[in-house]
Student: 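Quick one: the structure is below, questions incoming.
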Amino acid sequence: MNKKLVKSIISLCIFILFIATSLQKANDRYNDTAVVEAMVNDEEKNNEENDKAENKSKIDYSKTSWSLQNLYKSEDEWNNELKKFTSDTKELKNYVGKVTKSKTHLSFALDIKEKLDIRLNKLYGYVKLNQDTNKNSYKYIDMKENINRVNREYSNICSDLELEILKLSDKEYNKFMEDKKLNKKYGMYLKEIRRSKDYYLDEKSERLLANTSSISSLPGQVYELFKNMDKKTNFNSAEYKTALESSDRNERKSAYQNEFIAYNDNINTLSGLLIGQVKKNVFYSSERGYKSSLDMYLKGDDIDEKVYNKLIETVNDNMESLHKYVSLRKKVLNLDKVHYYDMFTPMVEAVDDNLTYDKAQGIIYSALSPLGKEYGDVIYKAFNEKWIDAFANDNKVSGAYCLSIYGNHPYVLLNYNNSLGSVSTLAHELGHAVYEYMSSKNQSYFNSNPSIFTHEVASTTNEALLYEMLIKNSENDQQKAYYITQYLDLIKDTLYIQTMYAEFEKTIHELVENNKSINALVLDDIWGQLLTKYYGKDYELDQLAKVGWSRIPHFYNSFYVYKYATGCSAGVSFAQDILKNGSDNYINFLKKGGSDYPINVLKDAGVNLTSTKPIENTINKFDSLVKELEKLVSK
């Protein structure tokens with residue numbers, strides 16, 4: 001056993017456990033004061049709670065909540081399936097030591113693995129969907145730990161099989177791949193294994209790393225516990241978003257302070273968690289022989305570092321358009337300086353301020369009609385077959401996502417609040433859902449799961465089509481101006497801001513890789529400098545805004561956020577092409593799923609992200625929208 005490796009892992013484990021303990025102590029101190037604050041605020045909250053209750057009573061949750069019965073009829077059935085899954089993994093284990101003995105052995109083993117993977121995906125999906133709509137329940141935390149325990153054992157079996165495939169000589173491997181049936185069904189999976197050949201360690205080290213997977217995921221897990229269970233604020237996610245969009249500056253400032261102070265009060269613990277995540281990445285990338293943490297994560301999608309770096313460079317070289325936007329926001333809102341809490345309120349009065357969920361569905365059908373009947377039929381299924389859990393409640397996690405479970409339909413989580421932003425989020429998540437649905441209907445399991453890199457293209461294409469339709473069909477200058485501001489915010493938040501996040505992530509990993517000191521103050525300073533650089537001279541940086549990095553859960557899914565930015569660039573390009581030339585090319589892109597690497601799939605569809613052209617085109621679109629808005633608001 002590699003003694004250096006063991007020593008490093010032990011140090012990493014101690015560090016992460018220390019962070020978890022620190023968080024609990026911080027929470028205990030917070031809870032001592034929370035009771036007093038609650039007593040003071042109770043009277044003010046009573047009226048608000050009555051209003052919330054009245055609004056909730058109007059929602060028909062039977063039509064706007066998930067139905068998980070087609071996964072498992074009960075938790076007992078889930079528990080029985082977990083036991084059976086555990087037992088059935090023995091069949092795959094029988095192939096350890098002989099998986100590469102012949103094409104027949106390899107084919108049979110992969111058939112078994114495919115079936116087991118699909119079942120495991122379903123087991124995990126059931127727990128996540130329940131946990132995210134019952135965030136205060138420890139039951140689903142226990143269920144997740146049970147399945148994690150089973151998955152660790154299953155992963156060890158899979159690692160052993162993959163190691164045997166890695167040990168094949170190129171000649172032996174190529175001979176296997178001459179089998180067209182094997183190549184078509186499992187070629188991408190086998191190619192992925194072989195691509196990582198240079199980064200595999202010896203068998204004992206690989207087993208040790210596999211067994212520490214539950215420890216290495218602790219920073220993200222503890223962060224989620226803080227965010228979903230221990231963070232105390234006066235708003236749920238939908239209410240906070242609504243408050244930030246308020247025309248009353250004092251209201252949005254108060255909401256901003258309430259939210260950010262909750263993070264600032266725990267900032268040392270939260271910095272410890274993020275630094276732990278970064279150190280974990282540096283440890284794994286170093287031990288496996290990658291050039292850097294960034295290199296390790298990009299290799300998974302076969303993405304060249306130049307794509308990541310060119311994204312940051314291109315956006316930095318074209319910051320003037322974003323600065324113009326912030327200056328226009330200052331002018332239109334008649335502000336002395338633009339603060340963080342001024343970046344989300346509409347510059348133009350909302351023309352659709354009560355878009356019910358039913359209205360949202362009609363808008364979605366209309367906006368996505370250029371994608372054709374086949375696409376529209378899947379949208380109909382999503383709305384009418386209980387794919388979507390639409391509304392916020394106190395037991396539900398914040399945000400939005402789409403979860404795909406192969407062999408079943410995708411599931412979409414929303415926190416819908418009747419705003420146009422929520423309609424846009426719905427379009428976004430349905431982009432993910434239809435992509436997964438079409439991919440799974442046209443590809444085998446191992447080829448069906450598209451990369452997040454292309455997933456964000458599918459989601460942003462829908463949002464771009466939504467705003468193109470709204471702007472085109474606007475009835476007056478007021479409407480047109482409002483819809484332009486929303487399209488601008490989409491590009492701002494998805495291209496510019498996600499690139500800022502990507503730059504932050506790259507910077508802090510490089511600091512750790514170069515053995516530089518890093519703590520909460522360093523993270524705050526880096527974040528503050530980036531805010532000033534991206535937003536320009538009319539943006540006023542206040543101290544509280546510097547803790548914004550601590551609110552980004554995606555940093556625990558490392559080097560993920562840049563995919564939003566590249567996805568936005570490709571999505572805006574696709575939207576223009578669909579409106580001009582029709583949807584056939586785009587639908588074929590969706591159906592290819594994960595049958596090839598992201599860059600190749602996009603190139604085949606006419607979008608080349610190895611060049612900066614899609615990014616520059618999107619920035620040009622942003623700039624033209626800023627100019628058009630300036631003319632409209634000056635009338």
Side-chain angles (χ1 to χ4, degrees), residues 59-75 77-78 81-82 117-135 137 139-141 143-144 147 224 228 237-238 357 360-361 364 368 375-393 395-417 422-443 445 448-452 454-456 458-459 462-463 553-554 557 560 590 593-594:
I59 297 171
D60 185 353
Y61 286 104
S62 66
K63 295 181 180 179
T64 58
S65 301
W66 285 322
S67 173
L68 304 183
Q69 292 293 305
N70 60 329
L71 295 178
Y72 302 100
K73 291 183 174 61
S74 67
E75 286 164 19
E77 185 179 353
W78 182 90
E81 165 62 3
L82 184 62
D117 279 4
I118 292 170
R119 289 167 64 187
L120 185 65
N121 180 232
K122 186 176 173 183
L123 284 162
Y124 263 116
Y126 181 78
V127 174
K128 178 169 179 57
L129 295 172
N130 274 298
Q131 186 176 15
D132 288 351
T133 48
N134 298 275
K135 69 178 186 178
S137 172
K139 174 173 62 176
Y140 298 109
I141 295 175
M143 289 173 70
K144 187 173 181 180
I147 193 172
E224 287 300 313
N228 294 328
S237 60
Y357 189 57
Q361 293 179 46
I364 293 294
L368 302 186
Y375 197 101
D377 287 346
V378 183
I379 295 291
Y380 180 86
K381 286 176 178 287
F383 285 139
N384 292 279
E385 296 178 7
K386 299 173 77 67
W387 292 18
I388 304 170
D389 198 287
F391 294 101
N393 64 67
N395 289 321
K396 186 174 176 181
V397 297
S398 61
Y401 66 71
C402 173
L403 180 70
S404 175
I405 300 176
Y406 191 84
N408 296 269
H409 63 72
Y411 290 83
V412 173
L413 179 138
L414 300 173
N415 281 274
Y416 191 82
N417 69 353
S422 277
V423 179
S424 183
T425 300
L426 175 58
H428 179 104
E429 297 306 334
L430 285 172
H432 289 307
V434 178
Y435 191 15
E436 285 285 357
Y437 185 86
M438 286 190 169
S439 175
S440 65
K441 291 294 181 183
N442 290 277
Q443 302 291 339
Y445 172 74
S448 69
N449 189 20
S451 163
I452 295 297
T454 50
H455 247 303
E456 295 308 330
S459 57
N462 278 11
E463 291 185 271
H554 288 88
N557 191 356
Y560 177 103
L590 296 180

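Hydrogens, waters and symmetry mates are skipped; everything else that's a heavy atom, side chains included, is used. When a residue number appears, it is its place in the shown sequence, counting from 1.
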Student: Heavy atoms, side chains only, cut-off 4.5 Å: are Thr133 and Asn395 in contact?
Tutor: no
Student: Please report the interatomic distance NZ(Lys396) to CG(Asn228), rounded to the nearest 0.5 Å.
Tutor: 12.5 Å
Student: Could you tell me the separation between the CD atom of Glu463 and the OG atom of Ser424, rounded to the nearest 0.5 Å?
Tutor: 3.5 Å
Student: Between the main-chain N or O of Asn134 and the side-chain N or O of Ser137, is there a donor-acceptor pair closer than 3.5 Å?
Tutor: no
Student: What's the separation between atom CE in Met143 and atom CD1 in Ile141, rounded to the nearest 0.5 Å?
Tutor: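 One finds 12.0 Å between CE of Met143 and CD1 of Ile141.
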Student: If you look at every heavy atom in Ala458 and Leu590, which pair is closest and at what distance?
Tutor: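 It is CB-CD2, 4.0 Å.
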Student: Where is the tightest heavy-atom contact between Glu436 and Ser448, given as atom of each residue plus distance?
Tutor: OE1-O, 4.2 Å
Student: Hey, what's the ring geometry for Tyr416 with Phe391, parallel, tilted or perpendicular (30° and 60° as the breaks)?
Tutor: perpendicular
Student: Could you walk me through whether Leu71 and Leu129 satisfy the side chain to side chain contact (heavy atoms under 4.5 Å, CB included) test, starting with their C-alpha distance in whole Å, then the side-chain angles of each, then the deciding distance to 0.1 Å, before giving a yes or no?
Tutor: CA-CA 11 Å; Leu71 295 178; Leu129 295 172; 4.0 Å; yes
Student: Kindly indicate whether the side chain of Lys135, heavy atoms from C-beta on, has any atom under 4.5 Å from the side chain of Glu224.
Tutor: no
Student: Does the cation-pi check pass for Lys128 over Tyr401, that is, NZ or CZ under 6.0 Å from the six-membered ring centre and within 45° of its axis?
Tutor: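 Because its charged atom sits under 6.0 Å from the ring centre and within 45° of the axis, Lys128 does stack over Tyr401.
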Student: Distance-only, no hydrogens or angles: does the Ser422 side chain make a donor-acceptor pair with backbone N or O of Asn417 under 3.5 Å?
Tutor: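 Yes, Ser422 side chain to Asn417 backbone: donor-acceptor pair under 3.5 Å.
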Student: Rounded to the nearest 0.5 Å, what separates atom CG in Asn408 from atom CD1 in Ile118?
Tutor: 10.0 Å
Student: Is the backbone of Tyr560 close enough, under 3.5 Å, to the side chain of Asn557 for a donor and an acceptor to pair up by distance?
Tutor: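 Side chain of Asn557 to backbone of Tyr560: no pair is present.
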Student: Can you see which heavy atom on Ile364 is nearest to which on Leu426, and at what distance?
Tutor: CG1-CD2, 4.0 Å
Student: Walk me through it: do Ile147 and Trp78 pass the test side chain to side chain contact (heavy atoms under 4.5 Å, CB included)?
Tutor: CA-CA 10 Å; Ile147 193 172; Trp78 182 90; 4.2 Å; yes
Student: Heavy-atom distance under 4.5 Å between the side chains of Asp389 and Leu414, does that happen here?
Tutor: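 No. Closest side-chain heavy atoms not under 4.5 Å.
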Student: Please tell me whether Asn462 and Tyr375 have a donor and an acceptor in their side chains that are separated by less than 3.5 angstrom.
Tutor: yes
Student: Are any non-hydrogen side-chain atoms of Gln131 and Val397 less than 4.5 angstrom apart?
Tutor: no
Student: Look at the rings of His409 and Tyr411 and say which category their plane angle falls in: under 30° parallel, 30 to 60° tilted, over 60° perpendicular.
Tutor: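 Rings of His409 and Tyr411: tilted, 30 to 60°.
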Student: Between the side chain of Asn415 and the main-chain N/O of Gly399, is any donor-acceptor distance below 3.5 Å?
Tutor: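 Judged by distance alone, yes, a pair lies under 3.5 Å.
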Student: Can you tell whether the side chains of Glu81 and Lys122 come within less than 4.0 Å, N to carboxylate O?
Tutor: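 Result for this pair is no, no salt bridge flagged.
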Student: Apply the test side chain to side chain contact (heavy atoms under 4.5 Å, CB included) to residues Asp132 and Tyr140: give CA-CA distance (whole Å), side-chain angles for both, the deciding distance (0.1 Å), then the verdict.
Tutor: CA-CA 9 Å; Asp132 288 351; Tyr140 298 109; over 6 Å; no
Student: What I want to check is whether the side chains of Tyr126 and Glu77 have a donor and an acceptor closer together than 3.5 Å.
Tutor: no
Student: Is it the case that the side chain of Asn121 and the backbone of Asp117 share a donor-acceptor pair, with hydrogens and angles ignored and the cut-off at 3.5 Å?
Tutor: no
Student: If you look at every heavy atom in Ala433 and Val412, which pair is closest and at what distance?
Tutor: CB-CG2, 4.0 Å
Student: Are any of the side-chain heavy atoms of Leu430 and Tyr435 separated by less than 4.5 Å?
Tutor: no
Student: Give the C-alpha distance, both sets of side-chain angles, the deciding distance and a yes or no for side chain to side chain contact (heavy atoms under 4.5 Å, CB included) between Lys386 and Trp66.
Tutor: CA-CA 5 Å; Lys386 299 173 77 67; Trp66 285 322; over 6 Å; no
Student: Using side-chain heavy atoms (C-beta onward) and a distance below 4.5 Å, is Tyr357 in contact with Ile388?
Tutor: yes
Student: Measure the spacing between CG of Leu82 and OH of Tyr124 and express it to the nearest 0.5 Å.
Tutor: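 Answer rounded to 0.5 Å: 9.5 Å.
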Student: So which atom in Ala360 and which in Val423 form the shortest heavy-atom distance, rounded to 0.1 Å?
Tutor: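 Here Ala360 and Val423 meet closest at CB-CG2, 3.9 Å.
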Student: Taking all heavy atoms of Pro450 and all of His455, pick out the closest pair and write down the distance.
Tutor: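 What the structure gives for the nearest pair is O-CD2, 3.7 Å.
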